[in-house]
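Below is one structure, written out as structure tokens; comments come after it.
Just so we're on the same page: letters track the sequence lines, and every chain starts at 1.
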Amino acid sequence: MQNWKRTVYCGDLNKDNISETVVLTGWVDTRRDHGGLIFIDLRDRTGIVQVVISPDTVPEAFSKAEGVRSEYVLAVTGNVGKRPEGSENPNINTGDVEIITSELKVLNRAKTTPISIEDNINADENIRLRYRYLDLRRPEMQKNLMLRHRASKIIRDFLDVNNFLEIETPMLTRSTPEGARDYLVPSRLHTGNFYALPQSPQIFKQLLMVSGVDRYFQIVRCFRDEDLRSDRQPEFTQVDLEMSFVDEDDIMSLMEKMIARLCSETIDVQVDQPFQRLSYYEAMERYGSDKPDTRFGMELVDIGDIAEKCEFKVFNSVTSGGGKVKGIKAPGCASFSRKEIDDLTEFAAIYKARGLAYFIVTESGVKSPIAKFFKEDEINILLERFEAGPGDLLLFVADKPKIVYSALGALRLHLAEMLDLIPYNKYNFLWVSDFPLLEYDEEERRWVAMHHPFTSPREEDIELLESDPGKVRARAYDLVFNGVEAGGGSVRIHNRDVQEKMFSAIGLSEEEAREKFGFMLDAFDYGTPPHGGIAFGLDRLLMLLAGKKTIRDVIPFPKTQSGTDLMMSSPGSVDPAQLQELHIKIAGKNSKNKTRV
RNA sequence: GGAGCUGUGGUGUAGCGGUUAACACGCCGGCCUGUCACGCCGGAGAUCGCGAGUUCGAUUCUCGUCAGCUCCGCCA
């Protein structure tokens, strides 16, 4: 009686195993049938190993092997043999050995798969998502799953050693004002009332500090019902933590150690500490972004002073109206055609820039429709400031600061990508800090918290909360990783008076504050330690560590851009009886009740 | 809510106002005892996302629609 229990993983075999008898299980990666000899590459999550089946020695196994096809599930018993001289395969880890089959069992058959199980396939994401279980069978996706596991484990171990307690917080919680749109869950026991899924465990972790937990963490799913992007999913995972009796430097320096360890132990990259720090204002001025990609230069250059004096009306009217005029140098792009420059203008228009002025720098001077508005010395100062020489192209945007930043910031990234100026082997981390506590929301016509309403203002700015809210600086910091916001946190308000002032600054009435956050204000009355914390987007960290362009590649079962799951067809309709039980009626004729097949 | 790109055998692509819709991989059958992108021979497989319009004729042009992706808005 043959025992078919696996004794070893395919990818773990090497010279040391030679002459061992092993039992392997796995999927048929490829089958090479030479008529008189069959090779099967057997694959499991560790890799592949070549299995040889000879008709002379094992005719029964051979005839079974003839019927085997790709992705069949097999168990193979055999001897680990050294490959014949010259037939080693240096391309695979197990290439020195092969399995001389003695017995073979087909555990299951497989239809031809809609996508092939190999790396570098170019299949439509549509199909990959519909057959996600097959997509995940591909080695690169398996690698991502393993990376995810490794990363969580490294983080968990690091935080454990540093005295953090892993504590779970509720998933059924309540909707609070501010922030993203909530996912709601109807309450059956309380007709007409709803739970909300957490956008983050923010309030709970602060209350845990009140409880004396001192250091908390959680690797936790969060939910935000907003539109999706390549780095945004409706449910995503945060590495969430909070510490008592610390200031921002304590948090940042500990987190730098954690991130550095994560990088070294997952992708063997050593990152320098301390991380670079940049103020929000400096980040916006130099990169046009609060999450600058600092792997390359191409910084924005301010020419407000020259614009102010020049004859070009568009420029000087902007400066006199409180706007900004800034530019960027596209190195070696003087040869751009009219069409290419038009395309850049169109690109800038996405960010509401009304125009894109340009200077083409040549040996014989500057060519530009607006050059005539500038004096020669103004042009020279300008070229010097950009360190521009013949062959370069200068691009300018004049507008409200916000538009100048976002248009040029995006243009900077766009050009860098176009010109292949981004060193993809670099891993740059930086902290952006000194954010404004509040920003004015034109639509709602009120101040809103830039981070969240529990972020502490700087001590010396507290008095400005009432007089000049826009000037108040927050004790907040974001971790930026290769131009992606990978995390953010702050020192929190731990004082009832300040918290009430904050609520009032964002236009939350006393009644509302009491109704929505009364429990929190109450908690602050019972001895709340100073505390602060941070949360990282685990999916984004993994995306960057894995060198992927979207977090979907590091999420086992992600949603499409329209928030659907193509594999299980969610969201889906529910039985009317379920709705009735919840006292819910679907209003409106446009209610979608279709089920995808 | 908006903009752009994409949609052709199982997969990835080519193509064009009239084609027998082409190619590669895969698949099926045959041959093959050292391959590993195995090789050789043969074969099957596509109402060109869906709907309407223009046209003698639409996979091709136009409009709409659906789906996927990228982005703006949104995302404390």
| field | Donor-acceptor pair under 3.5 Å, A:Asp227 side chain vs B:C74 base | value |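 Flag unset: no donor-acceptor pair detected.
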| message | Between B:C69 and A:Arg552, counting only base atoms on the nucleotide and side-chain atoms on the residue, is there a donor-acceptor pair under 3.5 Å? | response |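 Side chain to base: no pair below 3.5 Å.
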Spacing between [X] atom [atom1] and [N] atom [atom2], to the nearest angstrom:
| X | N | atom1 | atom2 | answer |
| --- | --- | --- | --- | --- |
| A:Leu37 | B:G39 | CG | C1' | 14 Å |
| A:Phe347 | B:A3 | CZ | P | 18 Å |
| A:Asp124 | B:G68 | CG | P | 10 Å |
| A:Glu444 | B:C75 | CD | P | 9 Å |
| A:Tyr351 | B:C72 | OH | C1' | 7 Å |
| A:Glu443 | B:C74 | CD | P | 7 Å |
| A:Arg130 | B:G10 | CZ | C1' | 13 Å |
| A:Ile121 | B:G26 | CD1 | C1' | 13 Å |

Does a donor on one side chain sit under 3.5 Å from an acceptor on the other, for [X] and [Y]?
| X | Y | answer |
| --- | --- | --- |
| A:Arg492 | A:Gln499 | no |
| A:Ser433 | A:Glu248 | no |
| A:Thr30 | A:Asp41 | yes |

Nucleotide opposite [N] in a Watson-Crick or G-U pair, distances under 3.5 Å:
| N | result |
| --- | --- |
| B:U59 | none |
| B:C23 | B:G12 |
| B:G34 | none |
| B:C5 | B:G68 |
| B:C48 | none |

Classify the nucleic acid contact of [X] as base, sugar-phosphate or nothing, counting any heavy atom under 4.0 Å across all strands shown.
| X | value |
| --- | --- |
| A:Ile92 | nothing |
| A:Pro114 | sugar-phosphate |
| A:Arg229 | base |
| A:Thr455 | nothing |
| A:Glu88 | base |
| A:Ser116 | nothing |
| A:Ser54 | nothing |

| Do the ring planes of A:Phe503 and A:Phe517 sit parallel (below 30°), tilted (30 to 60°) or perpendicular (above 60°)? |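 Ring orientation of A:Phe503 relative to A:Phe517: parallel.
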Between [M] and [N] - [atom1] atom distance, rounded Å:
| N | M | atom1 | answer |
| --- | --- | --- | --- |
| B:C61 | B:G7 | P | 11 Å |
| B:U8 | B:U70 | C1' | 23 Å |
| B:C25 | B:G64 | C1' | 36 Å |
| B:C28 | B:G45 | P | 16 Å |

| Verdict with reasoning, A:Arg174 to A:Thr176, per side chain to side chain donor-acceptor pair (under 3.5 Å) | CA-CA 6 Å; A:Arg174 76 171 287 171; A:Thr176 53; over 6 Å; no
| query | Quick check, are the ring centers of A:Tyr281 and A:Phe435 under 6.0 angstrom apart? | reply | no
| Is there aromatic stacking of A:His34 against B:C32, centre distance under 5.5 Å, plane angle under 30°? |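 So no, this residue does not stack on that base, at least one cut-off failing.
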| field | salt bridge (Lys or Arg N to Asp or Glu O under 4.0 Å) contacts in which one or both residues fall within residues 89-103 of chain A, not counting sequence neighbours | value |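 As it turns out, the salt bridge (Lys or Arg N to Asp or Glu O under 4.0 Å) pairs with a partner in residues 89-103 of chain A, which skip direct neighbours, are A:Lys15-A:Asp96.
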